[in-house]
Amino acid sequence: MPLEPGHVKIYACGPTVYNFFHIGNARPFIIFDTMRRYFEYLGFKVTFVQNFTDVDDKMITRAEQERTTLAELGERFIMEYFKDAEGLGIRAATVHPRATQHIGEIISIVRTLIEKGHAYVNDGDVYFDVKSFPDYGKLSGQSAQDRMAGARIDVFEQKKNPEDFALWKAAGPGEEGWDSPWGKGRPGWHIECSAMSMKYLGDTIDIHAGGQDLIFPHHENEIAQSEAVTGKPFARYWLHNGYININNEKMSKSKGNFFTVRDIAKKYDLSVVRLFMLSAHYRSPINFSEELIAQAASAMARIKNCRDNLKHIAQSGASGETNVASHITALNARFRQAMDDDLNTAEALGVIFEFIREANQLFENGKDADAAAEVLTALDNVLEVLGLLPKEDKIPERVEELVKKRQEARAARDYAAADGIRDQILSLGYTLKDTPDGVKISKT
């Protein structure tokens, strides 16, 4: 149960907005959007916060390369994020805070950490003193020796301990920055998330989510600095998604298998990519390949075809006595059972496709408009939770006019003209299927 009855508070780490986000970023965005949807399906109020990191080393480097400001660069790629997110069915968060809009909150936390003896100043930089927080390492479970082996130590940084991390960085020559008690500078990456989480969700949140790669050091450092300030648990539950590989290899620019979502959208409908991402348990690694995406496209087509058929029957007005109540009850129970099992979306998809198989059999011969409408509503309800409910495509007036002319040609037994009109409709991106209940129009 959430800390506040009926209200789930979630913080998910968002993108650094210096470029289009890549397929590896897409996985957590899709997974945690689905988690948020499921809580809402269960009747909870959800406050879902996903930040934009709009100041860090990568942002500064890209802005310098393009001779633009951090604000202009950030604004540009935040807008691009929303375009790709919409294609993937990712809803906007309750709040999308930007680091640069929370400098005051960040400075306040850093000041408190210094006052409490958890941080120290060195020549305009401020570092968190890891040894001042005995529980450091409790999330990752790494020993101090293991952490040191993986630590990135800059010989120019004057730290008391190599594990200490920056809370505030002094601005370099010509760099953008903000005034602070320690001089002009900018926040460290980790403190940004703590400040934004505390502002919108309070000292303790229900769920903190992010990629597996963020466990250490990012989330470990968030815990240390947040709990050192408040003296309270930072997050009650942590969710981390597994890595994504490309053709069984780690994604990297050097291997030429680094793809942004914008690249993939040129080849695939992004709803297919979402279905693919949900086809494995979120904590498991997942492999992205042409073959697996083709399978996801086929699965998405099964969803669309079933819905189209149910809509067509529901609109036919045909009467019948098809009993669908038990099928719908089973669907809802099994879907919840799967999702309650650590957000097992792969199992939930299996439940949905079994229901689709049953629906196809139920309405293979019988034409029961009311029953079809009930089944369609039940199917749509669970598809909406997974963000897989297809967008309704309004049939263009031109296509409807051609369908009417074709029907007139068929009635006049002018089949050559009817076939020619069908070809015209096909060229506009629509297919026709003649059924006993009328013409079924589908987008190709």
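Side-chain atoms are counted along with the backbone in the values below, which use heavy atoms only and exclude waters and symmetry mates. FYI, the numbering just counts along the sequence from 1.
Side-chain N/O atoms of Asn381 and Tyr41 include no donor and acceptor closer than 3.5 Å. A donor and an acceptor atom, one from each side chain of Glu347 and His281, are nowhere located under 3.5 Å apart. There is a side-chain donor-acceptor pair under 3.5 Å between Arg274 and Thr34. Side-chain contact check for Thr100 and Asp54: at least one donor-acceptor pair (N or O, by modelled atom type) lies under 3.5 Å. For the 3.5 Å distance criterion, the side chains of Ser194 and Ser226 qualify, holding a donor opposite an acceptor. A side-chain donor from one of Thr260 and Asp263 sits under 3.5 Å from a side-chain acceptor of the other. Side-chain polar atoms of Gln142 and Tyr136 form no donor-acceptor pair below 3.5 angstrom. Under the 3.5 Å distance criterion, with hydrogens and angles disregarded, a donor-acceptor pair is assigned to the side chains of Tyr38 and Asp340. Counted by atom type alone, His7 and Thr47 present one or more donor-acceptor pairs between their side chains at under 3.5 Å. Counted by atom type alone, Tyr430 and Glu400 present zero donor-acceptor pairs between their side chains at under 3.5 Å.
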- Step by step, would you call Lys267 with Glu290 a salt bridge (Lys or Arg N to Asp or Glu O under 4.0 Å)? CA-CA 10 Å; Lys267 296 183 67 176; Glu290 295 273 353; 2.7 Å; yes

- Message: Apply salt bridge (Lys or Arg N to Asp or Glu O under 4.0 Å) to residues Arg91 and Glu40 and explain how you reach the verdict.
- Response: CA-CA 13 Å; Arg91 291 162 51 193; Glu40 292 176 342; 2.9 Å; yes

- Item | Phe52/His96 under ring pair (Phe, Tyr, Trp, His ring centres under 6.0 Å): CA gap, chis, key distance, verdict | CA-CA 7 Å; Phe52 289 121; His96 278 291; 5.0 Å; yes

- Could you go through the salt bridge (Lys or Arg N to Asp or Glu O under 4.0 Å) check for Glu80 and Arg262 one step at a time? CA-CA 9 Å; Glu80 298 297 347; Arg262 192 64 58 89; 2.7 Å; yes

- Query: So Met35 and Tyr282, side-chain contact (heavy atoms from CB on, under 4.5 Å) or not? Walk me through it.
  - Reply: CA-CA 11 Å; Met35 175 176 65; Tyr282 75 89; over 6 Å; no

- Task: Starting from the C-alpha separation in whole Å, work towards a yes-or-no answer on side-chain contact (heavy atoms from CB on, under 4.5 Å) for Arg36 and Val8.
- Result: CA-CA 9 Å; Arg36 178 250 192 111; Val8 181; over 6 Å; no

- Task: Show your working on side-chain contact (heavy atoms from CB on, under 4.5 Å) between Tyr11 and Val95 and close with a plain yes or no.
- Result: CA-CA 10 Å; Tyr11 185 93; Val95 186; over 6 Å; no

- Query: Between Glu192 and Glu105, is a side-chain contact (heavy atoms from CB on, under 4.5 Å) present by the stated rule, with each step listed?
  - Reply: CA-CA 9 Å; Glu192 296 174 0; Glu105 289 87 352; over 6 Å; no

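Put simply, the side chain of Ile352 reaches to within 4.5 Å of the side chain of Ile356, judged on heavy atoms. Contact of the Asp370 side chain with the Asp368 side chain is registered, since non-hydrogen atoms from C-beta on lie closer than 4.5 Å. Side-chain contact between Ile90 and Glu86 is absent, with no heavy-atom pair separated by less than 4.5 Å. Side-chain contact between Tyr237 and Ile205: absent, with no pair of heavy atoms (C-beta onward) separated by less than 4.5 Å. Taking 4.5 Å as the limit, some side-chain heavy atom of Gln225 sits within range of a side-chain heavy atom of Glu222. Annotation: side chain of Leu432 is in contact with side chain of Ile441 (closest heavy-atom distance under 4.5 Å). You'll find the side chain of Gln65 reaches within 4.5 Å of the side chain of Thr61, heavy atoms only. The side-chain heavy atoms of Ile78 and Arg98, taken from C-beta on, include a pair separated by under 4.5 Å.
Looking at Asn287, its side chain does come within 3.5 Å of a backbone N or O of Asn248 through a donor-acceptor pair. Between the side chain of Asp206 and the main chain of Lys9, a donor-acceptor pair closer than 3.5 Å is present. Side chain of Arg37 to backbone of Glu384: a donor-acceptor contact under 3.5 angstrom is found. Side-chain atoms of Asp135 never come within 3.5 Å of backbone atoms of Lys138 as a donor-acceptor pair (strictly under, hydrogens ignored).
Here the shortest heavy-atom pairing between Met251 and His22 reads CE-ND1, 3.2 Å. Here the closest heavy-atom approach between residue Asn257 and residue Lys250 is recorded as ND2-O, 3.2 Å. The minimum heavy-atom distance linking Ala235 with His208 is given by the pair CB-CB, 3.9 Å. Shortest non-hydrogen contact noted between Pro233 and Thr204 is O-OG1, 2.5 Å. The shortest heavy-atom contact between Leu278 and Leu386 is CD1-O, 3.3 Å. The shortest heavy-atom contact between Ala228 and Leu113 is CB-CD2, 3.7 Å.
Using a cut-off of 4.0 Å between Lys/Arg side-chain N and Asp/Glu carboxylate O, Asp419 and Arg406 are scored as not salt-bridged. Checked for salt-bridge contact, Lys404 and Glu401 miss the test: no charged N lies under 4.0 Å from a carboxylate O. Note on Arg357 versus Glu354: salt bridge recorded, some NZ/NE/NH1/NH2 to OD/OE distance being below 4.0 Å. Classification of Glu227 and Lys232 as a salt-bridged pair fails, no side-chain N sitting under 4.0 Å from a carboxylate O. Salt bridge status for Asp57 with Lys169: present, with a side-chain N to carboxylate O gap under 4.0 Å. We find that Asp434 and Arg422 are joined by a salt bridge, their nearest charged nitrogen and carboxylate oxygen being less than 4.0 Å apart.
The CE atom of Met59 sits 9.0 Å away from atom CD of Glu176, with the distance rounded to the nearest 0.5 Å. In this structure, CD1 in Ile286 is found 6.5 Å from CE in Met277, a value given to the nearest 0.5 Å. Summarising the geometry, atom CG belonging to Leu239 is positioned 12.5 Å from atom CD belonging to Gln212; distances are rounded to the nearest 0.5 Å. In this structure, OG1 on Thr112 lies 12.0 Å from CD1 on Ile107, to the nearest 0.5 angstrom. From Phe44, atom CZ reaches atom CD1 of Ile10 across 10.5 Å, with rounding to the nearest 0.5 Å. Note that the CZ atom of Phe39 and the CZ atom of Phe48 stand 11.0 Å from one another [nearest 0.5 Å].
In summary, the aromatic rings of Phe20 and Tyr81 are positioned with their centroids too far apart to meet the 6.0 Å limit. Under the 6.0 Å cut-off for aromatic ring centres, His219 and His240 qualify, their centroids lying closer than that. Taking the centre of each ring, Phe128 and His190 stay at or above the 6.0 Å mark. Taking the six-membered ring where the residue is Trp, the centroids of Phe77 and Tyr18 are separated by 6.0 Å or more.
Exactly one of Trp189, Trp238, Phe165 qualifies for a ring pair (Phe, Tyr, Trp, His ring centres under 6.0 Å) with His218. That residue is Trp189.
Residues passing the ring-ring contact (aromatic ring centres under 6.0 Å, His included) test with Tyr200, sequence neighbours excluded: His102. Shown here are the ring-ring contact (aromatic ring centres under 6.0 Å, His included) partners of Phe276, two or more places apart in sequence or in another chain: Phe288.
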